[in-house]
Amino acid sequence: MNATYAHVRDHAGWLDLSDWGLVRVIGSDRQRFLQAQATNDLRPLQEGMGVYTAFCSPTGHLLADSYVLEAEDGYLLLLPPAAFGTMLERLSSLIILDDVELIPLQEGLGVLSLQGGRADEVLEELGLEPPSEGELRHRRQFWQKVEVRLVRCARTRWGGYDLILPFEVHEEMKTALIATEVLPIAPELYEVLRYEAGIPLYGVDMDERTLAAELGPTFEARYISYTKGCYTGQEVLMRIKARGHTNRTWVPLRVEGEQLPARGMPIAASDRADAGWITGAVRSPLLEDAILAWGFVRNAYTAPGTRLQVQTDPPAEAEVLHWQ
């Protein structure tokens, strides 16, 4: 039995993120090394803190998004499945004379994500204490004699936690969650939850053809520092910021009709056939079960209220939304 939308909203559900990649970064040069690659500033991090970041090519295109945790004289990186292998290879190739070691942890550790309106209460029932307030704050503690790291990580509108723990106790943790009426979140429901939260997924909504700044101001504020100094792709991103904008932005749209637009479906404006394209679409309870789509739209058409057409058969009217 899987969780429903209402169950996650009013109680909680869990996601199995075992296919995401975990990497531990150690060595005396680890901060300097990662600082030269990551789009966000790692210098303010202290034990128990974390930051969202991205990794870019020299042209400013996205190679991965990630979070980085300061943990026990090292960093922990969590990378999405579509980027994990290539990012690990890329970072490894950049280590030349640096005192840096990358240790893949995916064979032993995996992530279960507890999300929903009462996630705090569920942790209490499990005998776990949440980290201090603040996104990506984290702490280690023991559960069933095994070390678990709890990370504040909002993957839905209601917030939640990533639990990083050994695979050997994943089934035991899942059983304990189900015993507290926390049910698994099916991929189809998570698509709804993350789009309602405005969270892009690497390999679906963004890839190596996407400029980091095209994800919009919310992504920029969370993932990109324009004051930290040099990193791969910084020159291009700074040039975009100085110019004032990219050519397109990832925006939400309310789409009329019954047909869910497919990924890649073209978006047209009244005066331009190639105004953009869809990256994904769901039926959204927040919109009373209307269609919520996200897509890249040329900036001339991104103002909330702008009317567009999605080139389904027949074409569907769409409106750019203001989304928070």
Can a salt bridge be assigned to the pair [X] and [Y] using a cut-off of 4.0 Å between side-chain N and carboxylate O?
X      : Y      : value
Asp16  : Lys174 : yes
Glu72  : Arg149 : yes
Glu147 : Arg140 : yes
Arg137 : Glu133 : no
Arg30  : Asp99  : no
Asp274 : Arg272 : yes
Arg209 : Glu214 : no
Glu70  : Arg43  : no

In terms of heavy-atom contacts, does CD of Glu235 have more than 12 from other residues, nucleotides or ligands at under 6.0 Å?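 Not buried by this count: 12 neighbours or fewer within 6.0 Å.
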More than 12 foreign heavy atoms under 6.0 Å from CG of Asp289: is that the case here?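 Above 12, so yes.
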If only atom types and distance count, is the side chain of [X] paired as donor or acceptor with the main-chain N or O of [Y] below 3.5 Å?
X      : Y      : answer
His11  : Ala6   : no
Glu319 : Leu308 : no
Glu125 : Asp120 : no
Lys228 : Gln35  : yes
Asp98  : Val100 : no
Tyr202 : Leu63  : yes
Gln309 : Ala318 : no
Gln115 : Arg155 : yes
Arg152 : Pro131 : yes
Arg194 : Ile199 : yes

If you take all heavy atoms of [X] and [Y], which pair is closest and at what distance?
X      : Y      : result
Phe296 : Ile267 : O-CD1, 4.4 Å
Tyr52  : Ala154 : OH-N, 4.3 Å
Leu237 : Cys56  : CD1-SG, 4.4 Å
Arg283 : Glu258 : NH2-O, 2.8 Å
Ile26  : Gly74  : CG2-CA, 4.4 Å
Pro166 : Leu109 : N-CD2, 3.5 Å

[X] and [Y]: side-chain donor and acceptor closer than 3.5 Å?
X      : Y      : answer
Tyr195 : Asp205 : yes
Glu172 : Gln144 : yes
Trp250 : Thr279 : yes
Ser284 : Glu196 : yes
Arg24  : Tyr75  : no
Tyr226 : Asp41  : no
Asn299 : Thr249 : yes

So how far is it from [X] [atom1] to [Y] [atom2], rounded to the nearest 0.5 Å?
X      : Y      : atom1 : atom2 : result
Leu42  : Thr53  : CG    : OG1   : 6.5 Å
His170 : Leu163 : NE2   : CG    : 8.5 Å
Glu101 : Ile95  : CD    : CD1   : 8.5 Å
Ile103 : Leu88  : CD1   : CG    : 11.5 Å
Met49  : Ser132 : CE    : OG    : 9.0 Å
Leu94  : Phe33  : CG    : CZ    : 5.0 Å

Going by ring-ring contact (aromatic ring centres under 6.0 Å, His included), name the pairs with one or both residues in residues 107-150, residues two or more places apart or in two chains.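 Every candidate ring-ring contact (aromatic ring centres under 6.0 Å, His included) pair involving residues 107-150 fails, so no pair, neighbours aside, qualifies.
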Taking the six-membered ring for Trp, are Phe219 and Trp294 ring centroids under 6.0 Å apart?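 When the ring centroids of Phe219 and Trp294 are compared, they turn out to be at least 6.0 Å apart.
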Leu253 vs Ile278, side chain to side chain contact (heavy atoms under 4.5 Å, CB included): CA-CA, chis, key distance, verdict: CA-CA 9 Å; Leu253 305 110; Ile278 298 291; 4.3 Å; yes
Identify the residue among Ile164, Val169, Leu165, Leu126 that makes a side chain to side chain contact (heavy atoms under 4.5 Å, CB included) with Val148.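 The option that passes is Leu165.
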Run the side chain to side chain donor-acceptor pair (under 3.5 Å) check on Asp162 and Tyr67 step by step: do they pass? CA-CA 11 Å; Asp162 282 358; Tyr67 67 53; 2.9 Å; yes
Side chains of Met265 and Trp277 in contact at under 4.5 Å (non-hydrogen atoms):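 Met265 does not reach Trp277 side chain to side chain.
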